[in-house]
Engineer: 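Have a look at this one.
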Amino acid sequence: ERPIVPTVIKFCTYDLLNCSSYWIRIDKMNQGTKATINAIWKINNKRIEIKCANVNSFSLLLRRMNISPENEINVYVNKKLIYSGRIDKDILSFDL
C-alpha cells in the first residue's frame with residue numbers, strides 16, 4: 001500500500017514544468033542540465049535530509065507534509081544544516 005505522504009522522494013527534471021513531487025519543489029535550476037533531488041523525511045527525528053545536484057533553489061511544501069506549526073525541524077542539504085527551528089508558514093524556501 002502506498003503511503004499518503006511519502007517519506008522518501010527521488011526525482012529529476014530537465015525543466016521547471018515538471019518541478020515538484022509531493023512535498024518538495026525545485027524553484028530554480030541550472031538550465032540545460034538535469035536537476036536531481038533525493039529527499040528523506042525522518043519524522044521521529046524531525047529531520048529532512050536532501051541531496052541535490054544542479055538545483056539553485058527549492059521549497060518544502062509543509063502543508064502537504066502535515067507538520068504542525070509548533071514542531072521544530074532540521075533541514076540538511078548535502079549533509080550541511082541549512083535550517084533549524086519552528087515552522088511558522090506553509091512553505092520554506094531555500095537558495096543554494
Side-chain angles (χ1 to χ4, degrees):
E1 185 172 317
R2 190 174 195 182
I4 295 171
V5 180
T7 57
V8 176
I9 296 174
K10 296 180 180 185
F11 81 100
C12 64
T13 185
Y14 289 92
D15 58 56
L16 292 176
L17 296 175
N18 303 300
C19 64
S20 68
S21 180
Y22 296 99
W23 44 265
I24 195 160
R25 177 183 69 212
I26 297 173
D27 298 319
K28 294 179 187 169
M29 59 181 279
N30 297 336
Q31 294 299 320
T33 63
K34 177 172 77 170
T36 61
I37 287 191
N38 294 330
I40 300 171
W41 175 23
K42 296 183 176 182
I43 298 169
N44 294 336
N45 293 342
K46 299 177 182 170
R47 178 180 176 122
I48 299 169
E49 297 176 0
I50 297 168
K51 293 179 185 175
C52 61
N54 298 318
V55 175
N56 297 327
S57 68
F58 71 93
S59 296
L60 297 174
L61 311 175
L62 301 171
R63 178 176 284 177
R64 295 182 182 178
M65 298 170 80
N66 298 319
I67 298 177
S68 300
E70 64 272 5
N71 286 338
E72 292 188 13
I73 61 167
N74 296 307
V75 179
Y76 291 81
V77 174
N78 298 329
K79 299 184 179 181
K80 180 181 176 185
L81 179 66
I82 64 166
Y83 181 84
S84 181
R86 292 190 181 273
I87 302 163
D88 60 353
K89 47 189 154 187
D90 293 335
I91 298 174
L92 283 178
S93 297
F94 302 97
D95 291 322
L96 304 177

Engineer: Got a sec, which residues hit side chain to side chain contact (heavy atoms under 4.5 Å, CB included) with I43, two or more places apart in sequence or on another chain?
Structural biologist: T7, W41
Engineer: For the hydrophobic clusters of this structure (ILVMFWY residues joined by side-chain heavy atoms under 4.5 Å, transitively), does one cluster hold both I40 and Y22?
Structural biologist: no
Engineer: For residues K34 and N54, report the shortest heavy-atom separation together with the two atoms involved.
Structural biologist: O-ND2, 3.0 Å
Engineer: Would you name the heavy atoms of R86 and E72 that are closest together and state the gap between them?
Structural biologist: CG-CG, 3.5 Å
Engineer: Roughly how far apart are K79 NZ and K51 NZ, rounded to 0.5 Å?
Structural biologist: 5.5 Å
Engineer: Okay, side chain of W23, backbone of N66: is any donor-acceptor separation there less than 3.5 Å?
Structural biologist: no
Engineer: In Å and rounded to the nearest 0.5 Å, what is the CG to OG1 distance from D15 to T33?
Structural biologist: 11.0 Å
Engineer: Rounded to the nearest 0.5 Å, what separates atom CD1 in I26 from atom NZ in K28?
Structural biologist: 13.5 Å
Engineer: Do N78 and C52 make a side-chain contact, defined as non-hydrogen atoms from C-beta onward lying under 4.5 Å apart?
Structural biologist: yes
Engineer: Is there a side-chain contact between I50 and F94, using heavy atoms and a 4.5 Å cut-off?
Structural biologist: no
Engineer: Using the rule that two of Ile, Leu, Val, Met, Phe, Trp, Tyr join whenever any of their side-chain heavy atoms come within less than 4.5 Å, decide whether I73 and L96 are in one cluster.
Structural biologist: yes
Engineer: Provide the closest heavy-atom pair for T13 versus N18 in the form atom of the first, atom of the second, distance.
Structural biologist: OG1-O, 3.0 Å
Engineer: Tell me the closest heavy-atom pair linking C19 and F11, and the distance in Å.
Structural biologist: O-CZ, 3.6 Å
Engineer: Are V75 and V5 grouped together when hydrophobic residues (ILVMFWY) are joined by side-chain heavy atoms under 4.5 angstrom apart?
Structural biologist: yes
Engineer: Counting N and O atoms only, with roles assigned by atom type, does the side chain of N30 sit under 3.5 Å from a partner on the main chain of N56, one being a donor and the other an acceptor?
Structural biologist: no
Engineer: When rounded to the nearest 0.5 angstrom, what is the spacing between CD1 in I24 and CD1 in I9?
Structural biologist: 6.5 Å
Engineer: Should Y83 and I48 be marked as a side-chain contact (heavy atoms from CB on, under 4.5 Å) after you check the CA-CA gap, both sets of side-chain angles, and the distance that decides it?
Structural biologist: CA-CA 10 Å; Y83 181 84; I48 299 169; over 6 Å; no
Engineer: So, the side chain of R25 versus the backbone of S59: is there a donor-acceptor pair under 3.5 Å, distance only?
Structural biologist: no
Engineer: Report the residues that fulfil side chain to side chain contact (heavy atoms under 4.5 Å, CB included) with N74, sequence neighbours left out, ordered by chain and then residue number.
Structural biologist: Y76, L81, S84
Engineer: Starting from V8, can I reach V77 by hopping between I/L/V/M/F/W/Y residues whose side chains sit under 4.5 Å apart?
Structural biologist: no
Engineer: Testing D88, N71, I87 one by one against L62 for a side-chain contact (heavy atoms from CB on, under 4.5 Å), which residue passes?
Structural biologist: I87
Engineer: Which other residues end up in the same hydrophobic cluster as I91, if Ile, Leu, Val, Met, Phe, Trp and Tyr are linked when side-chain heavy atoms come under 4.5 Å apart?
Structural biologist: L61
